[in-house]
Student: 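After the C-alpha cells below, expect a handful of questions from me.
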Protein chains: 2
Amino acid sequence: MRKRQRRSDCPVHFALEHIGDPWSMLVIRDLVMFGRRTYGEFLNAGEGIATNVLADRLKRLEEDGLLVREADPERSSRPRYRPTQKALDLLPVLLEMAAWSGTWDEQTVVPRELVERIRHDRASVEREILACYERDEPWMPGVPAREEDDGR
Amino acid sequence: MRKRQRRSDCPVHFALEHIGDPWSMLVIRDLVMFGRRTYGEFLNAGEGIATNVLADRLKRLEEDGLLVREADPERSSRPRYRPTQKALDLLPVLLEMAAWSGTWDEQTVVPRELVERIRHDRASVEREILACYERDEPWMPGVPAREEDDGR
DNA sequence: CCGGATCCGTTTCGATACTG
DNA sequence: CAGTATCGAAACGGATCCGG
C-alpha cells in the first residue's frame with residue numbers, strides 16, 4: 001500500500017505530483033534554467049516561498065530523484081542542490097510553459113522574442129540552456145534572475 | 001486591483017496559477033485531449049476529483065478565459081464546457097508532460113510508443129488531436145479515457 | 001550568518017450529505 | 001445531473017527559534 005498524504009497526490013499518473021505543484025516547479029526551474037544551487041538562492045529569488053515550504057519541497061524532490069543534495073566543496077557546512085537528469089528532462093515542459101505564459105499571461109516575465117525562439121527552434125534554446133548548465137552558469141536571457149540578493 | 005486569494009497565486013508569472021494546479025490541468029487535459037464536455041464526464045473520469053473542487057475549478061477556468069460554459073443544444077438544462085484557444089494552446093505543455101511522465105513516472109499511463117511519437121514528431125500528434133477536437137471527438141491512443149470506477 | 005525546524009493562525013482540500 | 005453546504009484534515013504563510 002502506498003502512503004497517500006500529499007495534496008497533489010491525485011490518482012491519475014500524469015506527472016502532476018511534480019508539475020502540478022507550483023513551488024516544486026519553481027525550484028526545478030531555478031535549478032535547471034537559472035543555476036540556483038543553495039537554499040538561500042531559492043529563498044531570496046523573488047518568489048516569496050516560505051522557509052518551511054522550501055525545505056519540504058527540497059526534501060520531496062530529493063526523495064523523488066529530481067535533485068541531489070551534496071556538500072559545497074568550499075564551505076562544507078552549506079548544502080548544494082543539483083538537478084538530476086530526471087529534472088533536466090523537464091526542460092521541454094518548462095519551455096513550453098514559458099512560451100504559453102509569454103503568449104497569454106498578461107503579467108508574464110517572458111519576453112516575446114524568447115517565445116518566438118521557443119516556437120521556431122526550441123532545440124537550440126535547450127542546447128543553450130544545457131550548455132550553461134554544464135559550465136555551471138546561470139542562463140537568463142532577459143528573464144530577471146536574482147532580484148537583488150547577492151551577498152557574496 | 002486584482003484579487004489575490006488563490007493558493008497557487010504565487011508572485012512569479014510563469015503560467016503556474018493554472019499549470020501549477022493539478023485539478024485545473026486534469027480538466028484542461030480532459031477538455032483538450034479527451035473530448036469531455038460535461039460536469040459528469042469530468043467527475044467520473046477516474047481521477048476522483050471532489051464535486052466542490054470540480055465546481056470551483058470550472059468557475060475559475062471560465063473566469064480566466066480557458067473555457068466557455070454554454071447550454072447543451074439538445075438538453076438545455078445541461079451545461080457544456082468547451083476549451084478556448086487559450087486552453088488549446090496548452091496542448092504542447094500537455095504533450096511534453098505526457099512524454100516526461102511516460103519516461104520517468106513508473107506509474108504512468110502513457111505508452112512508450114506515444115512518447116516516441118511526441119519526441120520525434122510532436123506536430124503531427126498535435127494536428128491529430130486538434131483534428132479530433134474539430135470533429136468534437138475524443139482522442140485516446142492507448143490512454144485509458146474513462147475508466148470504469150473501481151467500485152469504492 | 002546560513003540552513004533549516006517549530007509553532008500557529010488562516011486558507012484550502014477532500015469526502016460526503018444535501019438540494020434544485 | 002449539476003452543482004452547494006458543511007466540516008475535519010491538511011497545507012500554507014509568516015514569524016521565530018536553533019544548531020553549526
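To find a chain, count down the sequence lines: A is the first, B the second, and so on, and within it residues start at 1.
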Student: Please confirm whether the shortest side-chain N or O distance from A:Arg75 to OP1 or OP2 of C:dC2 is below 4.0 Å.
Tutor: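 No, because none of the side-chain N or O atoms of A:Arg75 sits under 4.0 Å from OP1 or OP2 of C:dC2.
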Student: B:Arg80 CZ to D:dG3 P: how many Å, rounded?
Tutor: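 The distance from CZ of B:Arg80 to P of D:dG3 comes to 14 Å, rounded to the nearest Å.
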Student: Return the value, rounded to whole Å, for the distance between atom CD1 of A:Ile49 and atom P of C:dG3.
Tutor: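 Going from A:Ile49 (CD1) to C:dG3 (P), I get 14 Å.
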Student: Salt bridge check: are A:Glu96 and B:Arg122 linked by an N-O gap of less than 4.0 Å?
Tutor: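 So A:Glu96 pairs with B:Arg122 through a salt bridge.
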Student: Looking at B:Arg37, does any N or O in its side chain come under 4.0 Å of the phosphate oxygens OP1/OP2 on D:dC1?
Tutor: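 For B:Arg37, the contact criterion (side-chain N or O under 4.0 Å from OP1 or OP2 of D:dC1) is not met.
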Student: Tell me the interatomic distance from A:Trp23, atom CH2, to D:dA10, atom P, rounded to whole angstroms.
Tutor: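 Checked: the CH2 to P distance equals 23 Å.
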Student: May I have the distance from B:Asp72 (atom CG) to D:dA2 (atom C1'), rounded to whole angstrom?
Tutor: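 About 13 Å, once rounded to whole Å.
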Student: Between D:dT6 atom P and B:Asp56 atom CG, what is the distance in whole Å?
Tutor: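 Atom CG in B:Asp56 sits about 17 Å away from atom P in D:dT6.
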Student: Can you measure B:Glu70 atom CD to D:dA2 atom C1' for me and round it to whole angstrom units?
Tutor: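 My rounded result for the distance is 16 Å.
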Student: Does a donor on one side chain sit under 3.5 Å from an acceptor on the other, for B:Tyr39 and B:Arg80?
Tutor: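 There is no such pair between these side chains.
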Student: At their closest point, which heavy atom of B:Val32 faces which heavy atom of B:Ile129, and how far apart are they?
Tutor: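 Heavy atoms only, the tightest pair is O-CG2, 3.7 Å.
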Student: Please list, for nucleotides 15-20 of chain D, all pairs of protein and nucleotide N/O atoms separated by less than 3.5 Å.
Tutor:
unit_1: D:dA15; atom_1: N6; unit_2: A:Thr51; atom_2: OG1; d: 3.2

Student: Can you work out whether B:Thr38 or A:Val53 has the more 5'-proximal nearest nucleotide on DNA chain D?
Tutor: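 Of the two residues, B:Thr38 wins.
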Student: Indicate whether the side chain of A:Asp105 and that of A:Thr108 have a donor and an acceptor atom separated by less than 3.5 Å.
Tutor: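 No.
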Student: Between B:Tyr39 and D:dT4, does any side-chain N or O lie under 4.0 Å from OP1 or OP2?
Tutor: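 B:Tyr39 to D:dT4 OP1/OP2: no side-chain N or O under 4.0 Å.
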Student: If only side-chain N and O atoms of A:Arg57 are considered, is one of them under 4.0 Å from the OP1 or OP2 phosphate oxygen of D:dA11?
Tutor: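 No, because none of the side-chain N or O atoms of A:Arg57 sits under 4.0 Å from OP1 or OP2 of D:dA11.
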Student: Looking at A:Asp136 and A:Arg37, is there a salt bridge between them, counting it only when a charged N and a carboxylate O are closer than 4.0 Å?
Tutor: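 Counted as a salt bridge, because a side-chain N and a carboxylate O are separated by less than 4.0 Å.
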Student: Any ion pair linking A:Arg117 and A:Glu128 (charged N to carboxylate O, less than 4.0 Å)?
Tutor: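 Between A:Arg117 and A:Glu128 there is a salt bridge, with a charged N closer than 4.0 Å to a carboxylate O.
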Student: Rounded to whole angstroms, how far apart are CD on A:Glu41 and P on C:dG3?
Tutor: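 After rounding, the reported distance stands at 8 Å.
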Student: Judged by modelled atom types alone, do B:Arg75 and B:Thr38 share a side-chain donor-acceptor pair under 3.5 Å?
Tutor: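 No.
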Student: Categorize B:Ala50 for me: base, sugar-phosphate, or nothing, with a 4.0 angstrom heavy-atom threshold over every strand shown.
Tutor: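 Since a base atom lies under 4.0 Å of B:Ala50, the category is base.
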Student: For C:dG3, does either OP1 or OP2 sit under 4.0 Å from a side-chain N or O belonging to A:Arg78?
Tutor: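 Answer yes for this pair, as a side-chain N or O of A:Arg78 is under 4.0 Å from OP1 or OP2.
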Student: For A:Leu54 and C:dG3, give me the distance from atom CG to atom P, rounded to whole Å.
Tutor: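 A:Leu54 atom CG is separated from C:dG3 atom P by 10 Å.
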